[in-house]
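Take a look at the structure below.
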Amino acid sequence: MANCEAIIVADSANVRLQPNTTSGVVGVLTLGKRAPAHQVTDPDAQNFRWVRVTVPANGLQGWVRGDLVQLSGDCADLGTLSTTVTPSNVPTSTTTATNATPTQPVVLTGDCQAEVSVAAANVRREPSSTGGALGMILRGTKFAVKSVSAPDGGGFCWCCLDFQGQIGWIRQDLLRTTGDCLDPASHETTTSTTTTTTSTTSGDCQAVVGLPQINVRAQTTSASKLVGTATAGETMTVKEVTAAQADGFRWVKVNFRGQDAFVRSDLVTLIGNCAALTGDDRLAAPVAATITQGFKAGHPGMDFGATIGMELRIAAPATVFRAHVCTKCTAQQPNIKPKNEAERNQIFSDPGWGFGYGNHIIVRHEFQDLPRSIQEQILLNGGKTSNAVFVLYAHLSRMDVQVNQKVAAGMVIGATGHTGNSTGPHLHIEVAVGDQWGTAKKVHPMILFAVPNITT
Ligand SMILES: [Zn+2]
């Protein structure tokens, strides 16, 4: 199982808390990224299979839609993940160019080469969007074009290629053709559309199209007026993400070629600053500061590069479990840097130094008081084994609360500092799931807090 990997074949793919398109996002994987795959679901109501993966950047587990990945390696135990898009699982709003009468291919006179210019292109059995697909090939893949079809009912020409020993067809507008691609009938160069497929990486929230083609609508229903179609790799600025509509889908309000329009949220991947739009209900980061050290072996928490005196505001109701005063932390010497392993161990067992944490507060959140997406993420990462989630705030300069005190969301509990085993002013937090602080399992703080993703 450990040797099976999911490789992303869309420009980017959301990794979600639950195997459905309305669930919160725990990570984003971009084209070509590999993630360990653990499980494949049966098709859901929309006919999508989902793959449970571990996001390499943050160690979190989540679900990615099966049509956005290819499985590679020893994946037999996981069950089928057909990457073949058959008409039955093409999303209903995807435009399909119907083509009742098969068109006669144009035979090319010389060596015509093509390269896939979008994130991923389906290889069809017939020169038609409605035919079954043999598979998918990625951006940059080059192949020899055997022939080009006449335009189909939707106005698309199709390029014929050898695909894994079979004859396959790819829509010509998804390719860049080079070489001798003269059409002997007209003796004109076959049209090669150069679609711009650069994905934006600006801070704004962007919707990226991963499927070959999706419909853009005037309103938030599949029955509303068709504004146009967006093709694979196209990027649109997101203005809003709706709640689930009557059809069960959320809709994304985008700027589509200069006008406001809507696309179904499951047909696009959102990248950039989207948390506020997607209703990610994880808690706000405890301080507005950059992450200086991530959650990893030997560091079961996360560090924020906070200056001294930044107020810590609690974001969900809690009870103060511990408010430990560092008795050895003085104004002259608020912190200590161990010289060796033995001294380090000594500090970590010394309550006088706050067990290395200096002045520190541990609060206990009751499971049922936490937002739904956090509950889902805890269930996904090891299951719900307790009724509590603890959060430790370390190296504080000030503590405003006492043990057993109930704190309401929004209350200030203390301020950041530089006490205990600390090499510079910063906030160290730990998040643990369990009934007792001492035995609770340390989990990634991103499960609780919507903080920027980091790779350290
Ligand atoms: Zn730390």
Side-chain angles (χ1 to χ4, degrees), residues 55-60 282-315 318 320-329 333-365 377 381 389-399 401 413-434 437-456:
V55 181
N58 59 28
L60 297 180
R282 283 177 298 170
L283 308 183
V287 287
T290 53
I291 308 294
T292 51
Q293 201 180 167
F295 181 84
K296 58 190 174 188
H299 190 248
M302 210 177 227
D303 290 346
F304 295 80
T307 53
I308 293 176
M310 292 178 81
E311 288 195 327
L312 295 174
R313 215 170 275 276
I314 215 87
V320 177
F321 168 74
R322 187 194 283 177
H324 186 106
V325 176
C326 173
T327 53
K328 290 185 177 172
C329 300
Q333 199 200 348
N335 47 62
I336 185 163
K337 294 156 199 76
K339 291 180 198 69
N340 52 48
E341 195 63 23
E343 200 174 300
R344 186 174 180 271
N345 291 337
Q346 198 191 334
I347 292 164
F348 279 29
S349 58
D350 184 353
W353 281 112
F355 311 103
Y357 296 131
N359 295 319
H360 65 279
I361 295 170
I362 300 173
V363 299
R364 175 188 166 115
H365 295 284
Q377 185 60 54
N381 283 272
V389 175
F390 292 91
V391 184
L392 162 84
Y393 300 89
H395 313 304
L396 307 182
S397 61
R398 195 182 91 210
M399 296 193 291
V401 291
I413 57 167
T416 56
H418 185 19
T419 59
N421 173 30
S422 171
T423 54
H426 78 289
L427 172 70
H428 169 96
I429 62 166
E430 291 178 17
V431 175
V433 177
W437 166 253
T439 54
K441 183 189 170 204
K442 301 282 170 66
V443 297
H444 200 298
M446 269 184 72
I447 288 178
L448 197 65
F449 295 105
V451 293
N453 197 359
I454 48 152
T455 51
T456 52

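Order of appearance sets the numbers: ligands from 1, and atoms from 1 within every ligand. Atoms considered below: every heavy atom in the structure, side chains included; atoms not considered: hydrogens, waters and symmetry mates.
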Check your understanding: Taking just the N, O or S atoms of Asp303, which one is nearest to the Zn ion (ligand 1)?
Key ->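 In Asp303, the N, O or S atom with the shortest distance to the Zn ion (ligand 1) is OD1.
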
Review point. Which is the closest N/O/S atom of His428 when seen from the Zn ion (ligand 1)?
Key: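 It is ND1 of His428.
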
Exercise for review: Check each of Leu60, Val431, Val389 against Val443 using the side-chain contact (heavy atoms from CB on, under 4.5 Å) test, and report the only one that passes.
Suggested key: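 Among Leu60, Val431, Val389, the one meeting side-chain contact (heavy atoms from CB on, under 4.5 Å) with Val443 is Val431.
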
**Study point:** Derivation of the side chain to side chain contact (heavy atoms under 4.5 Å, CB included) call for Glu430 and Tyr357
**Key:** CA-CA 11 Å; Glu430 291 178 17; Tyr357 296 131; 2.9 Å; yes

Review point. If we ignore angles and hydrogens, is there a donor and acceptor under 3.5 Å between the side chains of His428 and His299?
Key: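 Their side chains do contain a donor-acceptor pair, which is all the 3.5 Å distance test asks for.
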
Review point. So does His299 have any N/O/S atom less than 2.8 Å away from the Zn ion (ligand 1)?
Key: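 Yes, His299 qualifies, because one of its backbone or side-chain N, O or S atoms lies under 2.8 Å.
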
Review point. Out of His324, Arg322, His395, which one pairs with His360 under the side-chain hydrogen bond (donor to acceptor under 3.5 Å, both in side chains) rule?
Key: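 Result for side-chain hydrogen bond (donor to acceptor under 3.5 Å, both in side chains) with His360: Arg322.
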
